Amino acid sequence: MSPVREVLASLATGAVEIHDLTAPLSEDTPTLVLPEPFSNLIDFRIEEVSAYNEPGPFWKHHNIHTGEHIGTHIDAPIHWISGREGKDVSQLDPARLVGPAVVLDFSAEAAADPDFLIDIAHLVAWQEEHGVFPTNSWLLFRTGWDQYGHDKQAFLNLDENGSHTPGFTAECAKWIAEELDISGIGVETVGIDAGNAGALNPPFPMHYFLLGADKYGITSLKNLDKLPTHGAMIVVAPLPIVGGTGAPTRVLAMVGKN
């Protein structure tokens, strides 16, 4: 049996399960809030065009209005100044949008400190315990932040000192971008950087180093607690927007049922 037929047979028998890692997209979806003088994207909005009525008697359809980086979405290299000569979202390599998923659980650390930053030492220690990260893999960082996805205030965790959500040190972002042979990273928070990453050097280092190294980032993931540490396969399916710096993205994981 060919490898593809094996996967299809496993899906048919239920030996392989599919978990949706995508947050539902609606007008209530929490979105990034940039301080002045920076401009923000528009929130997601759906507009009815017809609903089995005079404008469309046999069908229902809508217009949608949204920014590129709303809800579960992918960051393409051209999203950041360091990747400005790189690929737009329509040019992303399909072979790098499917691959091994590795789940790293830092939910206890994030619960104790919402400003928790993952450092190189955390990832080195993780590999010593669990093994090296596979080539072409996606590193998915579980922080438990998806539990706040229904509540914009809790999800962004904003106060007078900024947004308090977990992320990465500048040194760790650089190490991931330059030293690991991976396709990208995924997080449960609104962006691939920590909430207060604007204060790091460089500002927003995961954006700067990861996208500048032709790697990708996905945000606002959910259901990472349903995945094993190793052994799942991820499918990342963004809208191929020509010239797009990012796009709403459906993210699925295939997991063997043991």
Side-chain angles (χ1 to χ4, degrees), residues 23 25-44 66-84 104-123 139-177 184-212 215-222 224 245-246 248:
L25 184 57
S26 75
E27 294 181 7
D28 298 322
T29 297
T31 57
L32 182 68
V33 177
L34 296 173
E36 293 183 354
F38 305 115
S39 298
N40 285 288
L41 297 172
I42 62 170
D43 290 344
F44 179 86
T66 186
E68 298 169 312
H69 300 265
I70 302 295
T72 303
H73 67 271
I74 194 166
D75 290 347
I78 66 164
H79 174 46
W80 215 251
I81 190 169
S82 55
R84 64 192 302 171
L104 299 89
D105 188 353
F106 292 99
S107 54
E109 291 87 344
D113 177 9
D115 290 313
F116 172 71
L117 298 180
I118 299 164
D119 205 355
I120 297 172
H122 294 112
L123 302 190
L139 306 187
L140 309 180
F141 292 89
R142 183 182 170 218
T143 56
W145 216 257
D146 61 334
Q147 68 183 297
Y148 306 121
H150 65 287
D151 183 338
K152 184 170 185 174
Q153 182 175 355
F155 194 66
L156 301 181
N157 202 20
L158 282 164
D159 64 17
E160 65 277 6
N161 296 312
S163 175
H164 302 278
T165 63
F168 305 86
T169 66
E171 294 77 14
C172 185
K174 188 173 189 291
W175 185 78
I176 289 173
I185 64 111
V187 298
E188 297 172 325
T189 49
V190 73
I192 58 174
D193 270 296
N196 272 331
L200 300 178
N201 184 25
F204 308 104
M206 186 57 82
H207 283 84
Y208 185 86
F209 290 116
L210 192 78
L211 303 183
K215 293 181 169 71
Y216 317 142
I218 45 178
T219 75
S220 298
L221 294 174
K222 58 182 295 184
L224 295 186
T245 72

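Since this is a predicted model, take the numbers as computed values, not measurements. We number each residue from 1, following the sequence as shown.
Counting non-hydrogen atoms of neighbouring residues, nucleotides and ligands closer than 6.0 angstrom, the CZ atom of Phe155 exceeds 12 such neighbours. The neighbour count for Gln153 CD, taken as heavy atoms of other residues, nucleotides or ligands under 6.0 Å away, does not exceed 12. When the shell of 6.0 Å around CD1 of Ile81 is examined, it contains 12 or fewer heavy atoms from other residues, nucleotides or ligands.
Leu104 and Leu123 get closest at one heavy-atom pair: CD2-CD2, 3.7 Å. Residues Asp146 and Lys222 share a closest heavy-atom pair of OD2-CA, 3.7 Å. Closest non-hydrogen pair, Gly71 versus Thr29, comes out as CA-CG2, 3.6 Å. For the residue pair Leu117 and Ala194, the shortest heavy atom distance occurs at CD2-CB, 3.6 Å. Between Gly246 and Glu68, the closest heavy-atom pair is O-CB, 3.5 Å. The nearest pair of heavy atoms linking Ser107 to Gly144 is CB-N, 3.9 Å.
Once rounded to the nearest 0.5 Å, the distance linking NZ of Lys174 with OG1 of Thr169 reads 11.5 Å. With values rounded to the nearest 0.5 angstrom, Phe168 atom CZ is found 8.0 Å from Phe106 atom CZ. For the atom pair CG of Leu224 and CG of Asp105, the computed distance is 9.0 Å after rounding to the nearest 0.5 Å. Here CG of Asp119 is found 6.0 Å from CD of Glu171. Values are rounded to the nearest 0.5 Å. Note: Thr66 OG1 to Glu27 CD = 10.5 Å, rounded to the nearest 0.5 Å. Of the inter-residue distances, the one linking His150 atom NE2 with Asp28 atom CG reads 11.0 Å to the nearest 0.5 angstrom.
The backbone N or O of Leu210 lies less than 3.5 Å from no partner atom in the side chain of Lys215, so there is not a single donor-acceptor pair. Under the 3.5 Å distance criterion, the side-chain polar atoms of Asp193 are matched with a main-chain donor or acceptor of His207. In this structure a side-chain-to-backbone donor-acceptor pair under 3.5 Å is present from Thr72 to Ala23.
Val190 pairs with exactly one of Thr165, Asn157, Leu32 by the side chain to side chain contact (heavy atoms under 4.5 Å, CB included) rule, that one being Leu32.
In this structure the side chain of Thr143 never reaches within 4.5 angstrom of the side chain of Val187, judged on heavy atoms. In this structure the side chain of Thr31 never reaches within 4.5 angstrom of the side chain of Leu41, judged on heavy atoms. Residues Ile70 and Pro248 are not in side-chain contact: their nearest non-hydrogen atoms beyond the backbone lie 4.5 Å or more apart. A heavy-atom distance below 4.5 Å is found between the side chains of Arg142 and Glu188.
A ring-centre distance under 6.0 Å is not found for Phe141 and His122.
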- Message: Run Thr219 and His69 through side chain to side chain donor-acceptor pair (under 3.5 Å) and show every step you take.
- Response: CA-CA 9 Å; Thr219 75; His69 300 265; over 6 Å; no
- Query: Could you walk me through whether Asp75 and Met206 pass the side chain to side chain contact (heavy atoms under 4.5 Å, CB included) check?
  - Reply: CA-CA 11 Å; Asp75 290 347; Met206 186 57 82; over 6 Å; no
